[in-house]
K.L.:
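For reference, the structure I am asking about is given below.
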Number of protein chains: 4
Amino acid sequence: MRADAQRNRARILAAADEVFAAKGAAASTEEVAAKAGVAIGTVFRHFPTKNDLLTALMKELVRELAAEVESLVRQGDPATSLFTFFAHLVERASSRKTVVDLLGVDIRVSEQLQLLREAVGILLDQAQAAGVVRSNVLLDEVMALLAATSQGALHSGWDADLRERTLAIIFTGLRSAQL
Amino acid sequence: MRADAQRNRARILAAADEVFAAKGAAASTEEVAAKAGVAIGTVFRHFPTKNDLLTALMKELVRELAAEVESLVRQGDPATSLFTFFAHLVERASSRKTVVDLLGVDIRVSEQLQLLREAVGILLDQAQAAGVVRSNVLLDEVMALLAATSQGALHSGWDADLRERTLAIIFTGLRSAQL
Amino acid sequence: MRADAQRNRARILAAADEVFAAKGAAASTEEVAAKAGVAIGTVFRHFPTKNDLLTALMKELVRELAAEVESLVRQGDPATSLFTFFAHLVERASSRKTVVDLLGVDIRVSEQLQLLREAVGILLDQAQAAGVVRSNVLLDEVMALLAATSQGALHSGWDADLRERTLAIIFTGLRSAQL
Amino acid sequence: MRADAQRNRARILAAADEVFAAKGAAASTEEVAAKAGVAIGTVFRHFPTKNDLLTALMKELVRELAAEVESLVRQGDPATSLFTFFAHLVERASSRKTVVDLLGVDIRVSEQLQLLREAVGILLDQAQAAGVVRSNVLLDEVMALLAATSQGALHSGWDADLRERTLAIIFTGLRSAQL
DNA sequence: GATGAATGAGGGTTCATTCAT
DNA sequence: AATGAATGAACCCTCATTCAT
């Protein structure tokens, strides 16, 4: 791929991220093109379908998240890394409708999610090994809470404070030694 | 309002509930009209805007939920009513896209939510008085968890089992005496 | 259907006939709408797909042709009716690209053509009974010649004179007593 | 012109022939480029317009046909060469949408057809001299029948058998001694 | 000369909303 | 009040053509 094409592809992805983050996946491809500063045809050359664009965005997102998890696995505190990642993802979701739409809705891309799922699985294992998460908590529930909270974080009412307090309740629920 | 107009209004709301529940708010007004057995013009006479129709649906939903809360306040076990209601709402959301869309997205109708908020507030008070919910849990967090979990419940992966286990974590987080 | 809708439907069909006759089936639906004096949405309300519009045009055409054949069967000279119809169809095709496109190309509407085929079959029977068409000529060949000549008649070079002389050759080929 | 340019030109023409033969002139230039193994820009450098490419194809076709006629004139049986050529062209058309589209539709290239016309004229003269075609048959009619039958041969229903029987009728019409 | 990315007009289709019947 | 036809902006996508690399 030529240098300018590479540049445009990146620009389009960035524009799409912004636009879809603000207005959700229902925003028009035309708007993405405008924000990227290219003609509509250029968007469709790089992503032949609107859905392809959304999927690419999703892959990008999952890649970043997985990288973050990996970094936590290597350098973070095994006991708290799960909570750290959880909080970070939710914080991020609060300003990005795309994160939410993609994390939750599209079934066809769930293969992509598998990657993320496995990464989070490691964090969960660590936390359970460290004894800060009950051993009967399954990865399924953690993923479900992750997705649900990300969705929720989008709403207007969720400021940093509410987010923190809500997560505190969930983290308490995950901690061992109760019941 | 004439008797038949009254009847039509009810029919349209019922149809809208069904249609939007199945396909989300993106479904066409025409489809609602068809399912209601009226012409498209009739829908717009009753609800001048598609958004008006969605808002009306929301009011209806909140009214029902509030009624359910009230009934729990009167006849339910004060200690567990909050959890009962929470679980029921989430279960309901899992098959009704409308619940989710409305509960989460539309900001302009949040006045309507006030009613529900107050009702849930009573349940929370009761649960805290009964000592099954920590006293430092605020209504804000409960509402946030309610909304988030409702959204999450929509996803394909959420079967009854996962729903139950996920809620169990949240309920544990709400319970007192831990940490 | 309301009176105005009926009127518009007719107008659209007439406009489509004209437009497609002049430019072939590749002409835009928008142009049809403009010529009909309606908005684009109206065209699609009556014919949900461009192909539906073309098919409707085809049905209309076949209906007319079949009616003409029937009238010939009832009142025409059995010996010459086939030739009369043949000549008339080709003459008509010479100014109507639609006739040609539809008669020849679209496979999905061939059920419609069945009607025409049967009608022409009667004319052929009559002509053979009258002894002016060889008895070993099959309906298949007649239909093939009909279609081919209609297509050919579209070309710029075909004036009335050329048409007549070309048909004379074909008619001679169909006549009995030679070879 | 450089050697590689020459080679590319030939490749593009070959690819265009294949592609347009299969899908008709509506196929995209991009597809031609792909099949030719060159970039789209190269196609447009050699043929500044899609129509130029089609015209070139036409020239090529006419050249081939004229060569075939010439070979028939030199070595064929004067009495039957016209029929041989006629049958061969129609057979070829049955698998090549291009032949048909070009032979029939484009007016601007009719100068090219002049060449073919003259060649066919020779065959006709021969056949009339041999007494197997009526002397009052004009070249115009033969060309018209040639074009019409080529178009017709494209349709799905035309198998080898139908083609043969249909041509038999036309050939009979051309033969002398009848009427 | 070749490459292939960018352009942007144009096409089919949908749908909220308006308005004549 | 109800009907349902008409409107037209907006959307996704295609493709001939141009032009920077």
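Because the structure is a prediction, the values reported are computed rather than measured. Lettering follows sequence order; numbering is per chain, from 1.
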K.L.:
Between A27(C) and A3(C), just flag the one whose closest nucleotide in DNA chain E comes earlier from the 5' side.
P.N.:
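The answer here is A27(C).
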K.L.:
With a 4.0 Å limit, can you tell me whether H46(B) has a side-chain N or O closer than that to the phosphate oxygens OP1/OP2 of dA1(F)?
P.N.:
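The answer is no; no side-chain N or O of H46(B) sits under 4.0 Å from OP1 or OP2.
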K.L.:
For T29(B) and dA16(E), is the shortest distance between a side-chain N/O and OP1 or OP2 below 4.0 Å?
P.N.:
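Yes, such a contact exists.
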K.L.:
If dA9(F) has a Watson-Crick or G-U wobble mate with both distances under 3.5 Å, name it; if not, just say none.
P.N.:
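Pairing partner: dT14(E).
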K.L.:
Shortest non-hydrogen contact from A15(D) to V32(D)?
P.N.:
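Answer, listing the atom of A15(D) first, then V32(D): CB-O, 3.6 Å.
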K.L.:
Nearest-Å distance, CD1 (I12(B)) to P (dA1(F))?
P.N.:
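It works out to 13 Å between those atoms.
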K.L.:
Between N8(B) and dA2(F), is there a side-chain N or O to OP1/OP2 distance below 4.0 Å?
P.N.:
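Affirmative; the distance criterion is met.
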K.L.:
Specify the residue among R45(B) and R45(C) whose closest nucleotide of DNA chain F lies further upstream toward the 5′ end.
P.N.:
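The 5'-side residue here is R45(B).
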K.L.:
Using atom CZ of F44(D) as one end and atom P of dT3(E) as the other, report the distance to the nearest whole Å.
P.N.:
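Distance check: F44(D) CZ to dT3(E) P gives 15 Å.
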K.L.:
Checking all strands, does T42(C) fall into the base, sugar-phosphate, or nothing category for heavy-atom contacts under 4.0 angstrom?
P.N.:
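Base contact.
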K.L.:
Tell which nucleotide pairs with dC19(E), taking only Watson-Crick or G-U wobble pairs whose two distances are both under 3.5 angstrom.
P.N.:
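Partner of dC19(E): dG4(F).
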K.L.:
Mapping S28(A) and G37(B) onto DNA chain F by nearest heavy atom, which one lands closer to the 5' end?
P.N.:
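Nearer the 5' end of the strand: G37(B).
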K.L.:
Can you tell me how far C1' of dA2(E) sits from CD1 of I40(D), to the nearest Å?
P.N.:
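For the pair I40(D) CD1 and dA2(E) C1', the rounded distance is 13 Å.
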K.L.:
Just by modelled atom types, is the A14(B) backbone N or O under 3.5 Å from a matching donor or acceptor in the D17(B) side chain?
P.N.:
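Such a contact is absent between D17(B) side chain and A14(B) backbone.
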K.L.:
Quickly work out the E30(B) CD to dT3(F) P distance and round it to whole Å.
P.N.:
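Rounded to whole Å, this separation is 13 Å.
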K.L.:
Roughly how many Å is it from NZ in K50(C) to P in dT14(E), rounded to a whole number?
P.N.:
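Nearest whole value for this atom pair: 15 Å.
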K.L.:
If you round to the nearest 0.5 Å, how far is CZ of R11(A) from NZ of K35(A)?
P.N.:
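These two atoms lie 14.0 Å from each other.
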K.L.:
Provide, to the nearest angstrom, the distance between the CZ atom belonging to F47(B) and the P atom belonging to dA2(F).
P.N.:
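Computing the F47(B):CZ to dA2(F):P distance gives 11 Å.
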K.L.:
Provide, to the nearest angstrom, the distance between the CD atom belonging to Q6(D) and the P atom belonging to dA2(E).
P.N.:
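Value for this atom pair: 11 Å.
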K.L.:
On DNA chain E, does the nearest nucleotide to V38(D) precede the nearest nucleotide to V38(A) from the 5' side, or the other way round? Give the residue.
P.N.:
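Upstream on the strand: V38(D).
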K.L.:
Calculate the interatomic distance between R2(C) atom CZ and dG4(F) atom C1'; express it in whole Å.
P.N.:
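Taking CZ of R2(C) and C1' of dG4(F), I get 5 Å after rounding.
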K.L.:
Can you tell me how far the OG1 atom of T42(D) sits from the CZ atom of R9(D), to the nearest 0.5 Å?
P.N.:
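The CZ atom of R9(D) is 13.5 Å from OG1 of T42(D), to the nearest 0.5 Å.
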K.L.:
Just how far is it from atom CD1 of I12(A) to atom CZ of F44(A), taken to the nearest 0.5 Å?
P.N.:
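With rounding to 0.5 Å, CD1 (I12(A)) is 10.5 Å from CZ (F44(A)).
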